[in-house]
2 protein chains.
Amino acid sequence: MTPQVTLKTISKFTGFSVTQVSRALTGYSDVSEETREKILAAAKELGYYPNSTARQLQKQRTDTVGLILPTHGPRFSDPYFSELIAGIGDELTSYGIDLLISTQAPNPDEISAYRRMVEGKRVDGLIVVRTRNQDERIKYLLGTSLPFVAFGRSDLGVDFNYIDEDGEAGINQLTEYLINLGHRKIGFISAPLNLMFANYRLQGYRNALIKNNIPLKQEYIFEGDLTRKGGGKGAKWLLGLSERPTAIIASNDLMALSVISYAQEIGLSIGKDLSVAGFDDVPPSDIFSLTTLRQPIYNIGRLLCSMLFKLINKEDLDEPQILLKPDLIIRNSTGKPLTQ
Amino acid sequence: MTPQVTLKTISKFTGFSVTQVSRALTGYSDVSEETREKILAAAKELGYYPNSTARQLQKQRTDTVGLILPTHGPRFSDPYFSELIAGIGDELTSYGIDLLISTQAPNPDEISAYRRMVEGKRVDGLIVVRTRNQDERIKYLLGTSLPFVAFGRSDLGVDFNYIDEDGEAGINQLTEYLINLGHRKIGFISAPLNLMFANYRLQGYRNALIKNNIPLKQEYIFEGDLTRKGGGKGAKWLLGLSERPTAIIASNDLMALSVISYAQEIGLSIGKDLSVAGFDDVPPSDIFSLTTLRQPIYNIGRLLCSMLFKLINKEDLDEPQILLKPDLIIRNSTGKPLTQ
DNA sequence: AATTATATCCGAAACGTTTCGGATACCCTT
DNA sequence: AAGGGTATCCGAAACGTTTCGGATATAATT
């Protein structure tokens with residue numbers, strides 16, 4: 001390690017006190033133009049860089065925001081997170097704030113990962129993603145005074161700051177669209193129901209059926225796991241029923257793509273024999289011509305950060321809770337059912 | 001903010017000195033069983049959590065590793081990075097180390113993002129991804145004493161620690177496979193040639209052709225940008241040539257998928273009229289039955305961290321440079337060319 | 001009984017920064 | 001010439017932790 005150049009180094013070099021050096025470098029008032037220049041020159045010559053740890057300790061502020069990614073083993077390749085991180089990162093960069101990421105499976109240890117960040121004072125704020133029913137993380141954070149924002153709502157009966165997409169309205173619209181095409185037998189592959197968004201989406205499906213007087217069939221609802229494999233299982237189940245659905249809605253694109261894959265395997269023509277729709281509009285979905293609901297994940301990332309930044313600076317939010325309506329993108333994977 | 005519980009708080013509470021409290025909590029020898037228990041109990045009761053900033057300052061170690069993602073605006077949804085981050089995160093978590101992420105477009109400001117992390121002493125080590133020709137970041141890091149590992153080689157004529165996939169061997173094998181199927185007119189959609197891996201992959205393509213006495217045609221090589229759009233442009237170019245290729249290799253799956261999409265649009269049957277292959281084997285590629293080269297990105301992430309962790313602890317690496325051979329996954333997007 | 005070893009403790013300095021509360025010197029009033 | 005204002009500076013404390021070098025008391029040794 002090259003010995004670190006500190007304020008003291010510059011102080012000795014220029015003859016001014018550490019105080020004066022600090023002030024000159026941070027642009028404080030109490031320093032004459034002449035000495036400021038001398039000090040700036042010395043700093044440049046010596047290659048001074050402020051030690052951020054020391055600064056953090058003194059200012060009691062880390063200029064860092066935390067994000068704990070809920071991963072489940074090796075396969076966590078939801079393109080979703082790439083885009084979210086890009087959005088978050090870009091926005092934070094514009095504020096000069098860094099992002100501290102930790103991965104953690106949603107198990108009993110999870111909260112201690114949060115505690116480490118929060119109570120160890122590693123971050124000024126936190127972003128919570130993929131909210132769950134009775135979300136422990138949010139309960140915990142509400143008990144601390146650390147600013148946080150969530151991507152997703154929860155059912156705690158307490159107010160907190162979040163952004164969410166209106167999955168219920170989205171799926172509702174999608175389901176109605178399918179019904180209007182003439183579908184009556186519509187299967188639904190859900191996300192794990194402990195995730196909040198899974199419930200909203202399922203609710204949107206239910207409401208649309210009820211409103212159109214189509215009886216709900218429990219066997220038409222399959223709880224998947226958002227992965228490719230889960231989608232495959234759901235497809236197998238639904239397409240193996242004696243009263244096979246003419247349309248399948250999946251809670252995310254990844255699963256929808258699996259449905260397409262499996263359906264093709266067993267010789268069904270997509271958009272004719274079977275309509276398939278998803279949720280997310282991840283990059284490859286357009287190639288499949290998948291009908292889906294688009295949510296602007298990159299922008300949600302940015303928005304989350306701008307909210308959090310305000311909270312950290314104790315500013316008021318004009319919109320403490322934001323609900324975004326996803327866009328229905330109609331492509332060729334859905335069509336009228338064959339007359340039977 | 002609830003007032004922070006510090007060592008001093010516990011010190012006052014128990015009557016022992018701050019020194020003793022610190023030692024008791026970090027499991028030092030110089031403290032009797034009795035007082036250790038008292039102190040531990042007090043710490044628990046008061047809800048003590050060590051302030052990591054203060055600890056970092058004292059220990060001159062941050063237990064943090066940095067990663068600067070080269071993003072280019074909103075569309076950066078390479079699933080590639082999700083998986084890499086998951087691998088990195090999971091491995092680091094097992095060491096109790098955090099990941100500090102910053103996004104930064106590859107522009108002249110890029111180096112200052114690195115300087116901030118390095119010279120501000122924010123991290124103990126750094127991971128460099130997507131290495132480039134004459135990579136400025138690596139040049140810079142070599143001049144500092146900070147441990148780092150790279151995902152990818154560079155052409156600096158200097159040794160540094162990296163992991164890379166052997167793109168040359170991979171593409172070589174793929175090209176030979178196409179040649180053996182009978183293809184003679186093979187187009188290549190490259191990645192931007194300032195990226196190191198783009199050159200290796202291109203070289204693999206060239207070598208295979210030369211070895212098999214197939215003349216290189218400059219017009220068969222198109223420099224894409226790894227995005228969906230770039231792939232589409234490449235497809236348009238190659239399939240618009242008077243001597244249209246019978247096979248197209250793309251430098252990544254995203255572009256390959258675009259080729260498939262465009263080819264289908266103009267009525268070509270994939271795997272028959274046109275063979276298409278990619279690189280990466282990202283999640284949706286199997287659905288397209290895309291022939292591709294698979295690299296274990298998640299594991300590369302883990303491996304990078306285990307190397308870096310050793311470097312940080314000043315251990316020797318048994319393998320300072322690792323070259324992984326990608327697996328050729330043959331699917332239905334490639335086949336014999338039609339007899340002409 | 002004097003000496004040495006051991007166990008347990010603590011004060012103070014250090015990490016590098018910011019900032020509060022003065023101090024000094026100078027100039028301008030009156 | 002005495003007073004007050006202003007510009008410029010600095011010492012010292014603080015942020016919360018770790019750790020070096022001793023201090024004290026007790027036990028073991030001769």
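No hydrogens, no waters, no symmetry mates; every other heavy atom, side chains included, goes into these values. Lettering follows sequence order; numbering is per chain, from 1.
D98(A) and R116(B) are joined by a salt bridge, as a carboxylate oxygen and a charged side-chain nitrogen come within less than 4.0 angstrom of each other. Between R132(A) and E110(A) a salt bridge is recorded (basic side-chain N to carboxylate O distance below 4.0 Å). D316(B) and K310(B) are not joined by a salt bridge, as no carboxylate oxygen comes within less than 4.0 angstrom of a charged side-chain nitrogen.
When heavy atoms are screened at a 4.0 angstrom cut-off, T53(A) is found touching no nucleic acid atom at all. Contacts of N51(A) with the nucleic acid, taken as non-hydrogen atoms under 4.0 Å apart, involve only primed sugar atoms and P, OP1 or OP2. When heavy atoms are screened at a 4.0 angstrom cut-off, G15(B) is found touching the sugar-phosphate backbone but no base atom. Base engagement by S22(A) is indicated by at least one non-hydrogen atom pair under 4.0 Å involving a base atom. Within 4.0 Å (heavy atoms only), Q60(A) reaches sugar-phosphate atoms of the nucleic acid but no base atom.
A 4.5 Å side-chain heavy-atom check between V118(B) and Y140(B) finds at least one atom pair inside the cut-off. Using a 4.5 Å heavy-atom cutoff, the side chains of L100(B) and L67(B) are not in contact. Proximity of L146(A) to V123(A): side-chain heavy atoms (C-beta onward) are separated by under 4.5 Å at one or more points. A heavy-atom distance below 4.5 Å is found between the side chains of L84(A) and F151(A).
Taking only side-chain atoms of R23(B), from C-beta outward, the nucleotide of dT19(D), dT8(C), dT18(D) with the closest atom is dT19(D). The side chain of Q4(B) lies closest to dG16(D), out of dG16(D), dC9(C), dG16(C). Minimum atom distance to the side chain of S32(A) is reached by dT8(D), of the listed dT18(C), dT8(D), dG11(D). Distance from the side chain of V18(A) is smallest to dT17(C) among dC10(C), dT17(C), dC20(C). Ranking dT18(D), dT18(C), dG16(D) by closeness to the A54(B) side chain, first place goes to dG16(D). Taking every side-chain heavy atom of F16(B) into account, dC10(C) is the closest of dC10(C), dG16(D), dC9(D). The side chain of Q58(B) lies closest to dG16(D) when the candidates are dG16(D), dC10(C), dC9(C).
On a pure distance criterion of 3.5 Å, a polar donor-acceptor pair joins the side chain of T19(A) and the base of dG11(D).
Considering only side-chain N and O atoms, T35(A) lies under 4.0 angstrom from the phosphate OP1 or OP2 of dC9(D). OP1 or OP2 of dC10(C) sits under 4.0 Å from a side-chain N or O of S17(B). For dT18(C), one of the phosphate oxygens OP1 or OP2 lies less than 4.0 angstrom from a side-chain nitrogen or oxygen of R55(A). Between Y49(B) and the phosphate of dT17(D), there is no side-chain N or O to OP1/OP2 separation shorter than 4.0 Å.
Whole-Å rounding puts the Q56(B) CD to dG16(C) C1' distance at 13 Å. The distance from atom NZ of K8(B) to atom P of dT18(D) is 15 Å, rounded to the nearest whole Å. Rounded to whole Å, atom P of dT17(C) lies 19 Å from atom CZ of R61(A). In this structure, R36(A) places its CZ atom 12 Å from C1' of dT8(D), rounding to the nearest Å. Distance, L57(A) CG to dA14(C) P: 17 Å, rounded to whole Å. Going from atom CD of Q20(A) over to atom C1' of dT17(C) covers 15 Å, rounded to whole Å. Put simply, CG on L7(A) is 18 Å from P on dA12(D), counting in whole angstrom units. I10(A) places its CD1 atom 14 Å from the P atom of dC10(D), with the value rounded to the nearest Å.
A donor-acceptor pair under 3.5 Å links the side-chain atoms of D155(B) to the main chain of Q134(B), judged by distance alone.
Heavy-atom neighbours of K12(B) NZ from other residues, nucleotides or ligands within 6.0 Å: at or below the threshold of 12.
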Per-residue pairing states of DNA chain D in dot-bracket (Watson-Crick or G-U under 3.5 Å; . unpaired, | other strand) read ||.||||||||||||||||||||||||||.

